[in-house]
Amino acid sequence: MAMFNRKAERVKRHLRLRKKVHGTEARPRLCVNKSIRHIYAQVIDDDAGRCLVAASTLDKDLREKVSGSNRAAAEQVGQLLAERAMEKKIEAVVFDRGGHPYHGVIASLAEACRKGGLRF
């Protein structure tokens, strides 16, 4: 009998998703990752293989404002990422939820990015 491994199932979902989602210079990929303690988001150009913009709960701007990996922290990270993306003239992205279900923390981060001006 096989055991259910939550992390392995998430990785399988993410690999399946990455076959379809690809970031370009015109429309980079917004990649979201979360752990128990922190939330990370990056805007990546897959063609060039480089990160264009990043934000997380570990940033100096957010470290004192938020704690943990909750919806409030996700909203702050989303707003900061959208601001930084707009400074670099990035307006449209493709969303990579990292195999996580689209609700809760992931949905809060996406909504905050949309409010900040990013189009998905």
Side-chain angles (χ1 to χ4, degrees):
M1 182 173 158
M3 296 293 290
F4 178 75
N5 185 341
R6 185 181 303 264
K7 184 175 181 179
E9 293 297 316
R10 185 194 69 77
V11 169
K12 277 180 13 184
R13 278 192 308 273
H14 189 214
L15 291 175
R16 190 168 58 235
L17 179 77
R18 285 288 288 125
K19 289 179 188 175
K20 301 171 187 170
V21 177
H22 182 79
T24 61
E25 186 178 355
R27 193 172 173 130
R29 175 172 57 101
L30 170 58
C31 180
V32 178
N33 190 16
K34 70 174 187 140
S35 68
I36 293 173
R37 292 187 179 192
H38 299 287
I39 302 166
Y40 311 90
Q42 296 176 317
V43 176
I44 301 169
D45 177 4
D46 289 320
D47 290 339
R50 64 189 187 103
C51 176
L52 305 173
V53 179
S56 74
T57 51
L58 291 172
D59 282 347
K60 290 180 183 178
D61 302 338
L62 297 179
R63 201 175 298 159
E64 291 83 26
K65 294 181 186 177
V66 297
S67 64
S69 175
N70 53 25
R71 288 179 134 192
E75 288 176 8
Q76 294 289 325
V77 171
Q79 288 173 359
L80 182 62
L81 185 78
E83 287 174 15
R84 290 178 178 174
M86 289 299 162
E87 288 174 6
K88 294 214 173 185
K89 296 182 175 46
I90 300 170
E91 297 175 356
V93 296
V94 290
F95 190 66
D96 176 7
R97 58 189 170 88
H100 300 287
Y102 186 85
H103 72 92
V105 172
I106 303 296
S108 295
L109 189 138
E111 290 301 319
C113 287
R114 281 190 187 105
K115 286 180 186 174
L118 285 178
R119 289 182 293 120
F120 290 13

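Because the structure is predicted, anything quoted here is derived from the model rather than measured. The chain is numbered in sequence order, starting from 1.
- Looking at E111, R71, K34 one by one, the single match for side-chain contact (heavy atoms from CB on, under 4.5 Å) with I106 turns out to be K34.
- Contact check on E9 versus K12 returns a salt bridge, with a Lys/Arg side-chain nitrogen under 4.0 Å from an Asp/Glu carboxylate oxygen.
- Side-chain contact between P28 and I44: absent, with no pair of heavy atoms (C-beta onward) separated by less than 4.5 Å.
- Atom CD1 of I90 and atom CD of E25 lie 9.5 Å apart (nearest 0.5 Å).
- No chain of hydrophobic side-chain contacts below 4.5 Å, direct or via other Ile, Leu, Val, Met, Phe, Trp or Tyr residues, connects V105 to L58.
- Between G68 and A73, the shortest heavy-atom distance links the atoms O-CB, 3.5 Å.
- By the rule that hydrophobic residues join a cluster once side-chain heavy atoms approach within less than 4.5 Å of another member, Y102 and V21 end up as members of separate clusters.
- Side chains of H14 and D96 form a contact here, defined as non-hydrogen atoms less than 4.5 Å apart.
- Taking 4.5 Å as the limit, every side-chain heavy atom of V32 sits out of range of all side-chain heavy atoms of Y40.
- No continuous path of hydrophobic side-chain contacts links L30 to V94 [ILVMFWY only; heavy atoms under 4.5 Å].
- No more than 12 heavy atoms of other residues, nucleotides or ligands lie within 6.0 Å of CZ in R37, so this atom counts as exposed by the packing criterion.
- Residue S108 comes nearest to A74 through the heavy atom pair CB-CB, 4.1 Å, listed as atom of the first residue, atom of the second, then distance.
- Contact record, S35 with S69: O-OG, 3.2 Å, taken as the closest heavy-atom pair.
- Nearest heavy-atom pair, R114 versus F120, reported as atom, atom and distance to 0.1 Å: NH2-CD2, 3.2 Å.
- The shortest distance between side-chain heavy atoms of K65 and L80 does not fall below 4.5 Å.
- Rounding to the nearest 0.5 angstrom, the gap separating the CE atom in M86 from the CG atom in L118 is 4.5 Å.
- A heavy-atom distance below 4.5 Å is found between the side chains of R10 and H100.
- Note: the hydrophobic cluster containing L17 does not contain V11 (ILVMFWY, side chain heavy atoms under 4.5 Å, direct or indirect links).
- Looking only at side-chain heavy atoms (C-beta outward), H38 and N33 stay at 4.5 Å or farther from each other.
- For the atom pair CD (Q79) and CG (L109), the distance works out to 10.0 Å, reported to the nearest 0.5 Å.
- Considering OG1 of T24 and CG of D45, their distance stands at 7.0 Å, rounded to 0.5 Å.
- Residues L81 and C113 are in side-chain contact: their nearest non-hydrogen atoms beyond the backbone lie under 4.5 Å apart.
- Although no hydrogens or angles enter the test, the distance criterion places no donor-acceptor pair under 3.5 Å between the side chain of R119 and the main chain of A92.
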Legend entry - Intermediate values then yes/no, side-chain contact (heavy atoms from CB on, under 4.5 Å), D61 and E83: CA-CA 12 Å; D61 302 338; E83 287 174 15; over 6 Å; no
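- Linking Ile, Leu, Val, Met, Phe, Trp and Tyr residues whenever their side-chain heavy atoms come within less than 4.5 Å places V53 and V77 in a single cluster.
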